[in-house]
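Structure first, then comments.
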Amino acid sequence: MVQSPKRLAFLLGIDLKKLRKVSKQIDKYYYEDKELKRDEDGNPRCKNGEKVFRTLHPSTGLLKHIQNRIQTVLLQKIDFPENIQGGIKGKSNITNAKEHKGKKYFLCTDLKKYYPSVDHDLVYEAFLRYDFSHDVSHLLTRLTTYKYSLPQGTPTSPYLANLVFSKYDEQIISKCEQIGLLYTRYVDDIAISSNYNFKKKVPNLLEVIRRSPFQINHEKTFYKIGPTLITGIITKNNELEVRDDQIKKYESESLTKEQKKGLREYFSQVRNS
């Protein structure tokens, strides 16, 4: 795609000297933040009685501007298969669940420590795979990774994680198409469905992930028949439905008019999909 650092600087609209200077002082442009992890019901997640937090490293200043330009000018131009639903403009948890509407058998799993698993070598290799030169791939990797992996909380990380995992998406998609299964991935949530019982095929499908740098979260892996929760939405034979806890939340007197309006719009989007 881009073969020289000068061309990269031209496309981003940022002086090459500035790009290189920022890449060499990368620690100056990140800060640490904490985000409370929540379950699908919106309740705080706890482990051993303690609330669990996600560590974020958002970018700031010129680096954030550079990353926004990388995302807009370069990453959003890359075409991903329809199977990849997370971190893609125009896609959502609703469009992801909709893909599985009308299916009867479901396999759902989750990628453990998704962003931390994407180290700088994987990002560099992904840039090379998408036809960026070695010099450009090295500079882009420096500008989008922090402490040797993808930081959570930056504009570029969702797209780059897709870029890295797309290599494995392709392998799983190929296996699924050969035996009549539907596969989607929404960020770190994977769903596979069909109208026939494919339980015996599951080990072979998951082997792709086991041989990758990523880990399966066995606590969130299950095989189910009938209505199934996919990316927070109840996926039925011929319809999508919102969860009961969301309806109860809507009925709560603690919500503002704007919050209720937002939920009504979300409910409508789910039910009309």
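Only a predicted model underlies this, so the values are computations on that prediction, with no experimental measurement involved.
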Q: Carefully, step by step, assess Lys201 and Ile179 under the rule side chain to side chain contact (heavy atoms under 4.5 Å, CB included).
A: CA-CA 9 Å; Lys201 313 282 188 182; Ile179 54 177; 4.1 Å; yes
Q) Are more than 12 heavy atoms from other residues, nucleotides or ligands located less than 6.0 Å from atom CD of Glu32? A) yes
Q: State, yes or no, whether a side-chain contact exists between Ile234 and Leu240 at a heavy-atom distance under 4.5 Å.
A: no
Q) Would you call the rings of Phe198 and Tyr196 parallel, tilted or perpendicular, where under 30° means parallel and over 60° means perpendicular? A) perpendicular
**Q.** Check: Tyr148 main-chain N/O paired with Asp119 side-chain donor or acceptor under 3.5 Å
**A.** no
**Q.** Check: Thr141 side chain, Ser137 main-chain N or O, donor-acceptor pair, under 3.5 Å
**A.** yes
**Q.** Asn204 vs Lys175, side-chain hydrogen bond (donor to acceptor under 3.5 Å, both in side chains): CA-CA, chis, key distance, verdict
**A.** CA-CA 9 Å; Asn204 181 255; Lys175 283 177 177 284; 3.1 Å; yes
Q | Shortest non-hydrogen separation from Ile94 to Ser273 and the atoms involved | A | CG2-OG, 3.1 Å
(Q) Counting C-beta onward and ignoring hydrogens, is there a side-chain heavy-atom pair between Leu19 and Leu143 closer than 4.5 Å? (A) yes
Q: Answer yes or no: is there a donor N or O on one side and an acceptor on the other, between the side chain of Asn195 and the main chain of Lys104, under 3.5 Å?
A: yes
Q) Does Glu35 offer a backbone N or O that forms a donor-acceptor pair with the side chain of Arg54 under 3.5 Å? A) no
Q | Evaluation steps, side-chain hydrogen bond (donor to acceptor under 3.5 Å, both in side chains), between Thr184 and Asn96 | A | CA-CA 7 Å; Thr184 66; Asn96 181 67; 2.8 Å; yes
Q) Are Leu62 and Leu139 linked, directly or through other ILVMFWY residues, by side chains that come within less than 4.5 angstrom of each other? A) yes
Q: Taking all heavy atoms of His100 and all of Ala191, pick out the closest pair and write down the distance.
A: CE1-O, 3.4 Å
(Q) I need the Ser252 OG to Ile247 CD1 distance, nearest 0.5 Å. (A) 14.0 Å
Q.
Which heavy atom of Tyr159 sits nearest to which heavy atom of Lys89, and what is that distance?
A. OH-N, 3.5 Å
Q) If two hydrophobic side chains count as joined below 4.5 Å and joins carry through other members, does Ile230 share a cluster with Ile209? A) no
Q. Can you tell me how far CD1 of Ile88 sits from CD of Gln76, rounded to the nearest 0.5 angstrom?
A. 9.0 Å
Q: Verify side chain to side chain contact (heavy atoms under 4.5 Å, CB included) between Val118 and Leu160, making sure each step is shown before the conclusion.
A: CA-CA 9 Å; Val118 184; Leu160 288 174; 5.9 Å; no
Q | Output field: ring centroids Tyr30/His57 closer than 6.0 Å | A | no
Q. Any salt bridge between Glu125 and Arg129, counting N to O under 4.0 Å?
A. no
Q. Within a strict 4.5 Å, meaning less than it, do heavy atoms of the Thr235 and Pro227 side chains meet?
A. no
(Q) Just checking Arg20: does its CZ atom have more than 12 heavy atoms from other residues, nucleotides or ligands closer to it than 6.0 angstrom? (A) no
Q.
Please check if the number of heavy atoms outside Lys101 that lie under 6.0 Å from its NZ is greater than 12.
A. yes
Q: Verify side chain to side chain contact (heavy atoms under 4.5 Å, CB included) between Leu181 and Tyr183, making sure each step is shown before the conclusion.
A: CA-CA 7 Å; Leu181 306 179; Tyr183 164 88; over 6 Å; no
**Q.** Within-4.5 Å side-chain heavy-atom neighbours: Leu111 and Asn217
**A.** no
(Q) Counting the benzene-type ring for Trp, do Phe106 and Phe222 have ring centres under 6.0 Å apart? (A) no
Q: Without swapping roles, check the side chain of Gln3 against the backbone of Asp131 for a donor-acceptor pair under 3.5 Å.
A: yes
**Q.** Side-chain (Asn93) to main-chain (Thr231) donor-acceptor, under 3.5 angstrom
**A.** yes
Q. What is the distance from atom CD1 of Ile172 to atom CD of Glu177, rounded to the nearest 0.5 Å?
A. 12.0 Å
Q.
Nearest 0.5 Å, please: how far is CG in Leu150 from CG in Leu122?
A. 9.0 Å
Q | Student check: side-chain heavy atoms of Glu99 and Leu182 closer than 4.5 Å | A | yes
Q: Assess whether atom NZ of Lys260 is packed by more than 12 heavy atoms of other residues, nucleotides or ligands within 6.0 Å.
A: yes
(Q) I'd like to know if Val202 and Ile173 are part of one continuous hydrophobic network [Ile/Leu/Val/Met/Phe/Trp/Tyr, side-chain heavy atoms within less than 4.5 Å]. (A) yes
Q. From Thr221 OG1 over to Leu107 CG, what is the distance, rounded to the nearest 0.5 angstrom?
A. 7.0 Å
Q: Indicate the atoms forming the closest heavy-atom contact of Tyr115 with Ala161, along with that distance.
A: CE2-CB, 3.9 Å
Q) Looking only at heavy atoms, which two atoms of Gln67 and Thr144 are closest? And how far apart? A) NE2-CA, 4.1 Å
Q.
One thing to verify: whether Lys91 and Glu82 come together as a salt bridge, which I'm taking to mean a side-chain N less than 4.0 angstrom from a carboxylate O.
A. yes
Q: Could you grab the distance from atom NZ of Lys220 to atom SG of Cys108, nearest 0.5 Å is fine?
A: 12.0 Å
Q: Just do the salt bridge (Lys or Arg N to Asp or Glu O under 4.0 Å) check on Glu241 and Lys236 with the steps written out, would you?
A: CA-CA 8 Å; Glu241 186 54 84; Lys236 298 183 178 181; 5.3 Å; no
Q. In the single-linkage hydrophobic clustering (I, L, V, M, F, W, Y; side-chain heavy atoms under 4.5 Å), do Ile190 and Ile233 co-cluster?
A. no
Q: Examine Leu56 and Val187 and state if one hydrophobic cluster contains both, with Ile, Leu, Val, Met, Phe, Trp and Tyr joined whenever side-chain heavy atoms are less than 4.5 Å apart.
A: no
Q: With the side chain counted from C-beta on, respond yes when Ile66 and Arg69 share a heavy-atom pair under 4.5 Å apart, and no when they do not.
A: no
Q) Do the rings of Phe214 and Tyr168 sit parallel, tilted or perpendicular, given the 30° and 60° boundaries? A) perpendicular
Q. Would the number of heavy atoms belonging to other residues, nucleotides or ligands and lying under 6.0 Å from NZ of Lys261 be above 12?
A. no
Q. Is atom CZ of Arg211 surrounded by more than 12 heavy atoms (other residues, nucleotides or ligands) closer than 6.0 Å?
A. no
**Q.** Minimum side-chain heavy-atom gap Arg271-Glu239 below 4.5 Å
**A.** no
Q | Side-chain touch Thr55/Phe53, heavy atoms, less than 4.5 angstrom | A | no
Q. Do any N or O atoms from the side chain of Ser174 and from the backbone of Gln171 form a donor-acceptor pair under 3.5 angstrom?
A. no
(Q) If you apply the rule ring pair (Phe, Tyr, Trp, His ring centres under 6.0 Å), what do you find for Phe127 with Tyr124, and how did you get there? (A) CA-CA 5 Å; Phe127 278 126; Tyr124 175 73; 8.4 Å; no
Q.
Can you confirm whether the side chains of Tyr146 and Asp27 place a donor and an acceptor under 3.5 Å from each other?
A. no
Q. Nearest heavy-atom pair of Ile84 and Ser166: which atoms, and what distance?
A. CD1-CB, 4.3 Å
(Q) Going by side-chain hydrogen bond (donor to acceptor under 3.5 Å, both in side chains), Tyr223 matches just one of Thr228, Thr109, Asn197. Which one? (A) Asn197
Q: Take atom OH of Tyr130 as the centre, draw a 6.0 Å sphere, and report whether it contains more than 12 heavy atoms from other residues, nucleotides or ligands.
A: yes
